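First the structure, in the form of structure tokens, and then the observations on it.
Here is how names work: the chains are called A, B, and so on, in the same order as the sequence lines, proteins then strands, and each is numbered from 1. As the structure is a prediction and not an experimental result, all values here were calculated from the model.
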Amino acid sequence: MPKRIRILIAKPGLDGHDRGAKYVARALKDAGYEVIYTGIRQSPQAIAKTAVQEDVDFVGLSLLSGAHNELFPEVVRLIRENGGENIIVFGGGVIPDEDIPFLKEQGVEVVFTPGAPMQDIIAFIEANKERTAH
Amino acid sequence: MELAEKVLAGEMRAVARAISYIENDHTQKEELIDTLYPHCGKAAVWGLTGPPGSGKSSLLDHIIDRERKRGSTVAVIAVDPSSPFSGGAILGDRLRMQKHATDSGVFIRSMASRGHLGGVAGATADVIKVLDAAGFDLIIIETIGVGQTEIDVVEMADVVLLLLVPGLGDEIQALKAGVMEIGDIFIINKSDRDDADKVRAEVEYVLGLKYTDDDDERNPVFMTSAKLNEGIDEMLAGVHAYFDKISNNGWLEQKRKKRIASEIKTILAAKIKNEVERYLREDNLLEHWVEQIYKGKRSPYAMINEKLQSFAWEYHSK
Ligand SMILES: Nc1nc2c(ncn2[C@@H]2O[C@H](COP(=O)(O)OP(=O)(O)OP(=O)(O)O)[C@@H](O)[C@H]2O)c(=O)[nH]1
Ligand SMILES: [Mg+2]
């Protein structure tokens with residue numbers, strides 16, 4: 001039986017708009033992945049613990065409030081601290097281009113800005129899923 | 001086995017990985033379970049079931065609160081259906097329990113229902129063993145109460161809490177369909193709604209038909225509102241009292257033996273099925289047989305019975 005890919009879609013920070021996150025979650029389900037959705041306003045600690053307990057392969061973070069430079073790296077750090085060494089983290093939301101190199105340096109592997117086609121996200125997952133193999 | 005050691009030490013990362021071993025039918029799954037098994041049997045296992053949207057996860061959020069205050073550690077297995085089209089799933093139960101995500105005495109794992117060897121019930125039975133061996137005092141399984149698969153899942157529990165709600169319209173239908181049979185404790189949630197009392201009366205009526213004279217055998221019925229946080233202490237007191245009762249009167253033992261029996265049957269059947277498929281693939285056996293039957297050289301039953309013996313013999317002499 002092939003291993004099924006599990007993805008956590010999480011929203012750190014204070015903004016309450018989860019339409020985008022829900023849209024992505026549904027599209028990933030339709031692409032055949034198991035998606036864990038935890039709702040809005042999650043603390044980095046809650047996201048990290050959830051990622052580890054659910055043994056996900058990927059964590060997708062969505063943020064519209066502008067605090068990504070603080071929150072995304074914090075989530076990555078806590079995931080590693082909790083033992084999720086192989087979990088691949090990606091980001092999405094309203095994120096200025098000039099912030100992306102910094103986020104990548106901090107372990108957010110790729111950032112999808114608004115309007116990015118769903119196919120790009122799926123292609124990213126397909127290209128990287130073997131790395132999380134266990 | 002290193003992973004088993006870490007599970008026994010209660011390491012969350014290891015517990016999570018062990019559950020994935022079960023979900024993916026990892027080559028070391030059997031060794032893992034057998035190593036953990038001698039450490040099982042201490043946890044109480046509750047099943048929480050009911051129609052979609054009846055408030056199972058919302059109620060569970062309050063149950064976790066109360067049980068943590070009593071000093072118990074709690075693990076939750078939340079089962080959601082997989083999409084029959086894509087095989088994917090949105091696992092959203094944990095959304096309503098997320099305030100417990102950072103509590104180290106709580107472990108929540110979402111599980112999709114399709115694609116498990118021996119069915120999701122078989123996988124659930126093994127996940128229970130992992131959580132039990134990891135030392136959780138209470139394990140709760142949430143699943144939707146429709147369909148045989150879901151009923152099989154919840155029957156892995158020591159006690160089944162069946163949630164009903166007003167306003168579904170098909171309540172009576174559910175009662176007739178025998179879903180009622182699986183419940184030990186009946187909970188009418190959304191008691192803040194108008195017609196909750198009516199549902200209670202219906203439930204009491206059906207239960208009355210089930211047991212006419214013996215009051216002791218009668219299933220407890222409770223009203224809760226997860227929304228208003230009402231009725232939950234009374235309900236939990238009832239669940240604990242019921243658990244104590246079945247621990248003392250032999251029902252728990254019976255139930256656990258029944259669970260083991262159904263596990264043995266499922267696993268054995270799955271393994272034999274795999275063997276049969278392997279056997280048929282060897283030397284294209286199936287094609288040869290099809291050819292003979294198609295051309296009318298053999299009749300199906302005579303041939304299958306003959307081959308069954310050679311299959312059993314080959315298996316036996318391995
Ligand atoms: N009025 C009222 N609404 C409730 C109550 N409990 C839950 N709800 C609401 O019912 C809806 C479904 O609640 P959930 O807890 O997700 O129900 P569930 O049974 O876990 O749902 P599934 O897992 O999808 O089958 C939510 O909108 C809740 O807010 C209650 O006691 N009263
Ligand atoms: Mg639920």
Counting neighbours of [atom1] on [X] that are heavy atoms of other residues, nucleotides or ligands and sit closer than 6.0 Å, is the number greater than 12?
{"X": "A:E98", "atom1": "CD", "result": "yes"}
{"X": "A:L14", "atom1": "CG", "result": "no"}
{"X": "B:E30", "atom1": "CD", "result": "no"}
{"X": "A:F102", "atom1": "CZ", "result": "yes"}
{"X": "B:K273", "atom1": "NZ", "result": "no"}

Using 0.5 Å steps for rounding, measure from the [atom1] atom of [X] to the [atom2] atom of [Y].
{"X": "A:I36", "Y": "B:D80", "atom1": "CD1", "atom2": "CG", "result": "10.0 Å"}
{"X": "B:R94", "Y": "A:Q53", "atom1": "CZ", "atom2": "CD", "result": "5.5 Å"}
{"X": "A:E54", "Y": "B:S110", "atom1": "CD", "atom2": "OG", "result": "3.5 Å"}
{"X": "A:K49", "Y": "B:S104", "atom1": "NZ", "atom2": "OG", "result": "6.0 Å"}
{"X": "A:L8", "Y": "B:L91", "atom1": "CG", "atom2": "CG", "result": "10.5 Å"}

If we define contacts as heavy-atom pairs under 4.5 Å, which of A:G83, A:A25, A:A48, A:A31 has the most with chain B?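 Heavy-atom pairs under 4.5 Å are most numerous for A:G83.
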
Select one option (side chain, backbone, both, neither) describing which atoms of A:Y33 are under 4.5 Å from chain B's heavy atoms.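 Interface part for A:Y33: backbone (N, CA, C, O).
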
Less than 4.5 Å to any heavy atom of chain B: does that hold for the side chain of A:R26, its backbone, both, or neither?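 It is both, since atoms from each part get that close.
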
Given the options B:M97, B:R109, B:K99, B:H100, which has more heavy-atom pairs under 4.5 Å with chain A than any of the others?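 Between B:M97, B:R109, B:K99, B:H100, the count favours B:R109.
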
What is the minimum heavy-atom distance between A:K29 and B:A89, and which atoms define it?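 It is CG-N, 3.4 Å.
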
At their closest point, which heavy atom of B:E23 faces which heavy atom of A:R4, and how far apart are they?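 Shortest heavy-atom separation between B:E23 and A:R4 comes out as O-NH2, 3.4 Å.
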
Select one option (side chain, backbone, both, neither) describing which atoms of B:F85 are under 4.5 Å from chain A's heavy atoms.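 For B:F85, no heavy atom lies under 4.5 Å from chain A.
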
Under a 3.5 Å threshold, yes or no: a donor from one side chain and an acceptor from the other, between B:Q98 and A:T50?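 On atom types as modelled, these side chains qualify, holding a pair under 3.5 Å.
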
Donor-acceptor pair between A:D55 and B:S20 side chains, under 3.5 angstrom: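 On atom types as modelled, these side chains qualify, holding a pair under 3.5 Å.
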
Keeping the roles fixed (side chain from A:T38, backbone from B:L95), state whether a donor-acceptor pair exists under 3.5 Å.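 Absent.
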
